[in-house]
There are 2 protein chains.
Amino acid sequence: MSDVRKQPTLHDVARLAGFSTSTTARALGNYGRIAETTREKVRAAADELGYRANPLARSMITGKTKTIGVVCADLSSPFFAEALRGISDVAKGRGYDILIVNTDEDVASERDAVALLRDRHVDGVIVSPADVRQVGHLAALQTPERALVLLDRSSAALDADSVTVDDVSAMTDAVGRLLDAGHRHIGIVTELRIEREADWQSLLGDLDHSERRELNPSSRRLLGYLRAHREHDIPIDPALVARTGATSVDSARSATTRLLDQRAQTGMTAVVTVDNTTSVGAYGAIRDHGLRVPDDLSFIAFDNLDWTTLVQPAVSVIEQPVYALGSRAAEVLLDRLDGTRDTPGEEILLDTRFIERESIRAVQQV
Amino acid sequence: MSDVRKQPTLHDVARLAGFSTSTTARALGNYGRIAETTREKVRAAADELGYRANPLARSMITGKTKTIGVVCADLSSPFFAEALRGISDVAKGRGYDILIVNTDEDVASERDAVALLRDRHVDGVIVSPADVRQVGHLAALQTPERALVLLDRSSAALDADSVTVDDVSAMTDAVGRLLDAGHRHIGIVTELRIEREADWQSLLGDLDHSERRELNPSSRRLLGYLRAHREHDIPIDPALVARTGATSVDSARSATTRLLDQRAQTGMTAVVTVDNTTSVGAYGAIRDHGLRVPDDLSFIAFDNLDWTTLVQPAVSVIEQPVYALGSRAAEVLLDRLDGTRDTPGEEILLDTRFIERESIRAVQQV
DNA sequence: CTGTTAGCGCATTCAG
DNA sequence: CTGAATGCGCTAACAG
């Protein structure tokens, strides 16, 4: 018995209430001057008809859609899922809906995504750029009307708010702990898919001037690793840096396996990773190799996921506030849209925390 | 130097090309009859201006938005994140965008979500209903124009397509394996938040007539557990059924702890769980209790997540094709919208798979 | 094959 | 404080 009548329109309400459409619109929209009695009559009529405003029509005029676009590399990753939840909770609380687009960490796909969101007139966009140096399409998105907030990544090429963690310091600290514990040959499993070979060289050559905001997270974390070594006056062995070809557990797993196979030559006694994907892959490879953590190898994971306390001994981790990253990004974005926020683009850093568990063993100095 | 000019409209293109707006629209929209030369000229003009159609205006007329709404209980759960990825990939491939709403597994919130999606004129909705018996708001959503597909849950009260796994059988099979291995006191950690106490009683009392489509997944899985016992002529001990109060790891953890504390009385030698949340919580509780799997307790998890192979010994699991659940739901939905699919609502069952690992130990019969 | 006319549902001038 | 008129950008009849 579904009702075949079309949805009632403002016009219908107006007729029933005995007012013009414009008065009706004012009564319902709480704008302009309106008599209290009128408002009540109109509301009664609207309720009676079950009237609901058509957001499409409204958007045509106002130019606003009460929608924010979220573009992410991989919806199914624990990191993004959690961050998205943060975004969603805040957006919902403030009356905004969310349009999501998945890009597979591909710049071309990201360009399409951005075009799509612009076409659909989203009021703002939260994005975790595939490459922080190819952001022309993101810059083009910014207008006085349309806000842009970067999530998990910041870009020197963009005057936009960003919400990230200080992962360079976080990693410098974590690797420093390993160094303090006597480790001299620490492996790292990272992603350098986008960056060119030259970048890796220049990263090595210029630890001081490397700018956070010109590097993707995994490179920033590698920079932290490198700096920790320099602070401790320990030379870097390039053979200990495993770069994965893709953002996948399998890719991380095989990169780690290579690291493990060369243990006889490198003398590696510890491994660190740069995100949840590399953490899972690396830990799996260590297991497959029949090595025990921390007896045979010390290990630090990035991101405090469930499994790190389920395995035994539990894994020490660098924790980042993933939900808060998302919720904060949404808050900043909506503040811009409200006009509550009018400062230049700001780089917001959330705190990481090192959680010590049982995956690190001190090593005897020779 | 962002361009301050507004986006060019169809009108602008028409003027530049020297045609009327309707001809221009036809040329660009590939509909109606149009001369090839005209089309080319119009296209050239459109390119020159960088014209992009305004989907809002289009939607006002066509009533279509090329958008599908996805309403889920918890975006941050691994299950939903993965399924959402499946939905997203298919939708993107077929030119649809996704509006997501999170409901926290709350029926009232789901009602709002549905209203919101209707207001926004989404072409279709994929939903994992909070309660498969309170679905009036979902029924109201269905029109010849607007399709509805249920994900992970089916409902007897709704004539809609659903994409699920046959979890009753999956669980009957898994528990059957435990029973075959000699276990006689098997604990189960499940969620019965929504169902009333009476339901639990009636489930127990009427194993045959309990209809899959009147139960939420966790209850369906419990039903599988009960049926396995009956098939093996093993009595059921209600003390072995731990019900969590909420969908959270902590809740599952403490429910499991209660089960563990009563081991002396119940003689429990194995535990099964009903989804990834209960799996993580239960496994954590077992660990905390200082029990070894499978030496002290056998264990079967639901969902083949990374951690089940990271822990040692690896955990045997009931695997369900999560990504496919999402992608399939999207396909079915879009087929409906295309008119490719015109049959009555269908219940699509995807296969689960039992993955045998090392978390089950045979038990000596007395 | 192309142009004219109308209007989707609403917000927003401007008069009254 | 209220109403009439206008138009957001586009598609859909209908003529021609």
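Letters A, B, ... are given to chains in the order of the sequence lines, protein chains preceding strands, and every chain is numbered from 1.
- In this entry the distance linking CE of Met60(A) with P of dC8(C) reads 13 Å, nearest Å.
- Taking atom CG on Leu49(A) and atom C1' on dG9(C), their separation rounds to 15 Å, with Å as the unit.
- Spacing between atom CG of Asp12(A) and atom C1' of dC10(C) amounts to 13 Å, rounded to whole angstrom units.
- One finds a salt bridge joining Arg94(B) and Asp335(B) here, because a Lys/Arg side-chain nitrogen approaches an Asp/Glu carboxylate oxygen to under 4.0 Å.
- Salt-bridge annotation for Asp12(A) and Arg15(A): present, with a side-chain N of the basic residue lying under 4.0 Å from a carboxylate O of the acidic one.
- Using a 4.0 Å cut-off between a side-chain N of Lys or Arg and a carboxylate O of Asp or Glu, Arg43(A) and Asp47(A) do not qualify as a salt bridge.
- Here the straight-line distance linking atom CG of Leu75(B) with atom CG of Asn102(B) works out to 4.5 Å at 0.5 Å rounding.
- In summary, Asp131(B) and Arg153(B) do not engage in a salt bridge, as defined by a charged side-chain N under 4.0 Å from a carboxylate O.
- No side-chain donor from either of Arg213(B) and Ser162(B) sits under 3.5 Å from a side-chain acceptor of the other.
- Within 4.0 Å of Thr38(B), counting heavy atoms only, lie sugar-phosphate atoms of the nucleic acid but no base atom.
- Although no hydrogens or angles enter the test, the distance criterion places a donor-acceptor pair under 3.5 Å between the side chain of Asp123(B) and the main chain of Thr65(B).
- Taking atom CG of residue Leu56(B) and atom P of nucleotide dA11(C), one finds them 13 Å apart after rounding to whole Å.
- With hydrogens and angles left out, the side chain of Arg26(B) and the base of dG3(C) share a donor-acceptor pair within 3.5 Å.
- Read 5' to 3', the first and last nucleotides of DNA chain D with an atom closer than 4.0 Å to a heavy atom of chain B are dG9(D) to dA13(D).
- In this structure, His11(B) atom NE2 and dG3(C) atom P are separated by 13 Å, rounded to whole Å.
- Nearest-nucleotide positions on DNA chain D for Ile34(A) and Arg58(B) put Ile34(A) closer to the 5' end.
- At a threshold of 4.0 Å, the pair Lys64(A)-Glu145(A) counts as salt-bridged, since one of the basic side-chain nitrogens sits closer than that to a carboxylate oxygen.
- Looking at the side chain of Thr9(A), the nearest of the listed nucleotides dA11(C), dC10(C), dC1(C) is dC10(C).
- For Ser22(B) and dT5(C), a side-chain-to-base donor-acceptor distance below 3.5 Å is absent, hydrogens and geometry of angles not being considered.
- A heavy-atom distance below 4.5 Å is not found between the side chains of Glu346(B) and Val332(B).
- Using five terminal pairs a side, the axes of the helix from dC1(C)-dG16(D) to dG16(C)-dC1(D) at its two ends make an angle of 40°, given in steps of 10 degrees.
- Heavy-atom nearest nucleotides on DNA chain C were determined for Ala53(A) and for Thr21(B), and the one closer to the 5' end corresponds to Thr21(B).
- Atom C1' of nucleotide dG9(C) and atom CD1 of Ile61(B) are separated by 11 Å, given to the nearest angstrom.
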